[in-house]
Amino acid sequence: MAQMNMVQAINSALDVMLGRDPRVVVFGEDVGYFGGVFRCTDGLQRKYGEHRVLDTPIAEGGIVAAAIGMGVNGLRPVAEIQFADYIYPAFDQIVSELARLRYRTAGDYSAPVTIRTPCGGGIRGGQTHSQSPEGVFTHVCGIKVVMPSNPYDAKGLLISSIEDEDPVVFFEPKRIYNGPFDGDPHKPAVPWSTHPKGEVPEGHYAIPIGKAEIVRPGKDVTILTYGTMVHVAEAAVQLAGVDAEIVDVRTMVPLDVDTLCTSVCKTGRCVIAHEATRFSGFGAELSATVQEECFWHLEAPIQRVTGWDTPYPHAFEWDYFPGPARIAAALRGVMEAR
Amino acid sequence: MNALVAPALTQTHGLALLRAMLRIRAFEDRCYQLYGQMRIRGFLHLYNGEEAVAAGAFAALRPEDAIVSTYREHGHALARGVPMNRVMAELFGKQTGCSGGRGGSMHLFDVTRKFYGGNAIVAGGLPIAVGLALAQKLRGEPALTACFFGDGAVAEGEFHESLNLAALWRLPVLFLCENNRYAMGTALDRAQAETDISLKAGAYRIPAAALDGMDVFAVETAVADAARGIRGGGGPVLLEMRTYRFRAHSMFDPQLYRDRAEVEQWRKKGPLITLTTRLKALGLMSEEDYQRLERECNAEVDAAVAFAERSPWEPVSSLERFVYAERHRR
């Protein structure tokens with residue numbers, strides 16, 4: 001075991017896979033010579049060469065499409081889109097080509113592409129460097145959507161994504177690259193070395209895609225969340241003083257309905273928290289699923305705590321960000337409902 | 001580019017090219033009828049007039065080459081050797097189609113012939129071809145990727161991204177632009193500031209040429225020459241084949257954007273007429289030979305229609321298959 005932050009864990013996953021599988025190719029803007037703007041690919045080009053770790057021009061559609069072409073021709077490309085906010089030029093390639101290649105050929109062709117992309121706010125990035133567009137991708141059938149909340153999961157899930165036969169969009173919550181973040185920007189930064197999930201094996205291991213994890217058992221209410229918000233939810237539980245069960249969804253597609261709904265049926269109450277905007281956000285899908293599966297067990301209406309339905313603000317980041325106080329208020333709300 | 005050397009025209013070769021074009025024409029004409037009878041549904045884009053491009057290009061390409069195509073791709077698939085039965089069945093939406101009936105006219109795929117699809121998104125295939133060629137290069141395959149696209153695709157950003165990437169990484173891509181002068185209903189000079197498409201390649205240091213896309217030998221020779229250079233590690237080449245589509249863009253197009261006279265002018269210099277006249281003048285083909293070829297092609301189309309008609313539909317219960325990977329293979 002080693003101490004790793006999320007950047008190092010992701011780097012380690014790529015390192016392990018480049019070393020194990022000659023079909024793996026890592027590429028994207030600034031990933032090779034420079035080592036990535038968040039340093040996730042640091043040193044990999046030096047170690048594996050320019051034919052395994054490639055720099056590309058700023059051309060997201062071209063990057064994803066090239067990954068499709070490589071994937072369908074026998075490679076396992078891992079493309080980086082530098083910020084999730086930059087993924088939209090590639091959206092057509094993801095939706096019209098990547099996601100449906102297997103379906104439109106009745107299983108004859110497929111492209112096992114992994115698209116890594118840092119997402120989320122809390123870094124003063126403003127409207128085009130802070131977005132959480134996971135819900136947009138969960139609406140596209142044919143791709144899997146993953147978002148880890150800690151270094152251990154990040155490495156294990158990234159390895160699973162690269163080994164998966166289907167395309168995966170792998171969101172990396174960049175606010176927690178260097179340490180868990182509980183939603184209070186005024187507290188000093190905490191490193192991953194203080195967190196049990198900062199303990200990461202150096203070699204190969206996989207965390208299955210499609211499995212949620214109960215990160216805090218509890219009996220009063222279930223919090224369904226993922227990414228940075230897992231840590232914010234933990235702070236909110238302390239603040240509200242309720243015995244909440246926190247479920248880290250980890251993979252949005254495929255969704256671990258069983259783990260999520262077993263928890264809600266047990267507690268009878270549900271709060272959903274994500275950074276992304278509310279309307280048609282992934283929380284809406286979670287809420288609908290819980291309603292369908294747990295209706296007769298629910299003691300209170302489901303509550304969602306999310307970003308506002310606005311672009312990510314420049315000066316009011318901590319108002320927009322669904323911090324511990326807002327989640328705590330929702331927890332108290334569902335506890336008081338009769 | 002090197003000086004083009006036309007191969008000596010033999011009777012066998014001349015007739016083979018004519019047959020390749022006649023097959024496509026017979027197929028497309030039948031599709032037109034079947035569409036009117038509502039036996040083929042959905043969108044349908046016919047290749048009439050452009051047959052010399054497919055016949056010439058595929059005569060010069062090799063089985064190991066990867067092919068990326070467009071939504072006007074019946075001719076490409078047939079010239080590539082995708083069985084006509086399976087192409088027709090795909091248009092019918094039947095399970096025996098080359099894409100299992102999942103795609104229809106615009107989505108013909110064939111793994112064994114390295115046919116990486118028709119594509120209903122204009123320019124969508126260009127950067128995928130770049131990826132295929134990048135994989136060919138990284139894996140050291142002695143093959144190239146031939147990427148067909150129309151003049152309309154040149155307006156998309158992906159065209160420019162793809163040319164840059166292919167040139168930057170010196171990839172084995174053969175860009176084959178089928179310039180039929182109209183992007184649906186918009187003439188090239190209404191859409192492009194520079195209407196000479198071959199010139200655009202120069203900005204990416206890609207060797208390029210424009211040629212008569214109605215002349216099957218010109219296409220074959222140019223493609224063979226370009227392919228030789230690409231296989232030798234010379235990097236990508238772009239060929240602009242100037243051609244014309246005789247029929248409407250799709251089956252929903254009243255063709256209000258062009259004169260009938262213009263269409264008639266082009267029909268007179270159509271690829272079938274040109275080659276037929278030439279073969280007859282050289283004494284390489286009699287009218288009887290021509291009639292026989294045409295009969296054979298029509299018979300193949302008859303058989304393909306019968307095959308499609310009697311083929312089963314995919315059961316509705318299996319329509320959720322192949323969205324994600326599964327253990328069972330078709």
Side-chain angles (χ1 to χ4, degrees), chain A residues 22-23 25 27 49-52 54-77 79 89-90 92-93 95-113 140-144 164-168 209-210 253-254, chain B residues 66 68 95 97-104 106-112 114 116-121 123-139 141 143 145 156-158 160-162 164-166 168-169 171 314 318-326 328-330:
Chain A
R23 298 171 301 171
V25 178
F27 72 122
E50 290 183 12
H51 62 297
R52 303 287 307 284
L54 288 77
D55 284 307
T56 69
I58 300 174
E60 290 80 10
I63 291 168
V64 169
I68 298 169
M70 286 194 279
V72 76
N73 204 4
L75 299 181
R76 294 211 163 239
D92 174 55
Q93 284 291 338
V95 176
S96 304
E97 314 289 350
L98 180 61
R100 66 187 63 170
L101 185 58
R102 187 189 300 282
Y103 180 88
R104 76 204 274 217
T105 61
D108 282 348
Y109 278 123
S110 60
V113 171
V140 179
C141 4
I143 52 178
K144 296 180 177 175
D164 202 278
E165 294 304 321
D166 287 307
V168 179
I209 290 176
V253 181
Chain B
V68 173
Q95 197 165 21
C98 58
S99 306
R102 290 287 183 88
M106 301 187 283
H107 305 274
L108 306 175
F109 284 81
D110 189 332
V111 173
T112 55
K114 293 189 183 293
Y116 289 92
N119 200 313
I121 306 296
L126 279 150
I128 295 176
V130 168
L132 284 160
L134 181 53
Q136 287 169 330
K137 183 175 176 173
L138 293 176
R139 289 147 59 102
E141 292 174 19
T145 298
E156 289 277 6
E158 284 171 315
H160 299 275
E161 289 185 32
S162 301
N164 183 51
L165 290 171
L168 182 71
W169 293 334
L171 300 180
E314 176 177 6
S318 79
L319 275 178
E320 288 187 353
R321 290 187 65 189
F322 306 120
V323 176
Y324 293 97
E326 55 184 81
H328 309 289
R329 292 283 170 193
R330 186 153 59 96

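Chain A is the first sequence line, chain B the second, and so forth, proteins listed ahead of strands; every chain is numbered from 1. Values in this document were obtained by computation on a predicted structure and should not be read as measured data. Excluded from the calculations below are hydrogen atoms, water molecules and symmetry mates; all remaining heavy atoms, backbone and side chain alike, are included.
With a 4.5 angstrom heavy-atom cutoff, B/Glu141 touches chain A only via side-chain atoms. With a 4.5 Å cut-off on non-hydrogen atoms, B/Leu126 does not touch chain A at all. Residue A/Val64: no heavy atom, backbone or side chain, is found under 4.5 Å from chain B. Heavy atoms closer than 4.5 Å to chain A are found in both the backbone and the side chain of B/Asn119. For a residue to count as touching a neighbouring chain, one of its non-hydrogen atoms must lie under 4.5 Å from one of that chain's; by this rule A/Val253 touches chain B with the side chain only.
A 4.5 Å side-chain heavy-atom check between B/Tyr116 and A/Ile68 finds every atom pair outside the cut-off. A/Tyr103 places a side-chain heavy atom less than 4.5 Å from the side chain of B/Leu319. Residues B/Ser99 and A/Asp108 fail the side-chain proximity criterion, which asks for heavy atoms closer than 4.5 Å.
Here the closest heavy-atom approach between residue A/Ala106 and residue B/Gly100 is recorded as CB-CA, 4.1 Å. Contact between B/Arg139 and A/Leu75 at its shortest, heavy atoms only, is CD-CD2, 3.8 Å. B/Asp110 and A/Tyr109 make their closest contact through O-OH, 3.3 Å (heavy atoms, listed as atom of the first residue, atom of the second, distance). In plain terms, the two heavy atoms of A/Thr105 and B/Phe109 that are nearest each other are CG2-CG, 3.3 Å. Summarising the geometry of A/Arg104 relative to B/Arg102, their closest heavy-atom pair is O-CB, 3.7 Å, with the distance given to 0.1 Å.
Here the straight-line distance linking atom CG of A/Leu98 with atom CD1 of B/Ile128 works out to 8.5 Å at 0.5 Å rounding. Note that CD of B/Glu326 is 8.0 Å distant from CZ of A/Arg102, once rounded to the nearest 0.5 Å. Between the NZ atom of B/Lys114 and the CG atom of A/Asn73 there is a distance of 6.0 Å, given to the nearest 0.5 Å.
Judged by distance alone, the side chain of A/Gln93 and the main-chain N or O of B/Gly124 form a donor-acceptor pair under 3.5 Å.
Note on A/Ile143, A/Leu101, A/Ile63, A/Leu54: by heavy-atom pairs under 4.5 Å with chain B, the leading option is A/Ile143. Considering only heavy-atom pairs separated by less than 4.5 Å from chain A, the leading option among B/Glu158, B/Lys137, B/His160 is B/Glu158. When each of A/Gly62, A/Ala66, A/Gly142 is scored by its heavy-atom pairs under 4.5 Å with chain B, the top score falls to A/Gly142.
A/Met70 pairs in a side chain to side chain contact (heavy atoms under 4.5 Å, CB included) with only one of the listed residues (B/Val130, B/Leu132, B/Leu138), which is B/Leu138.
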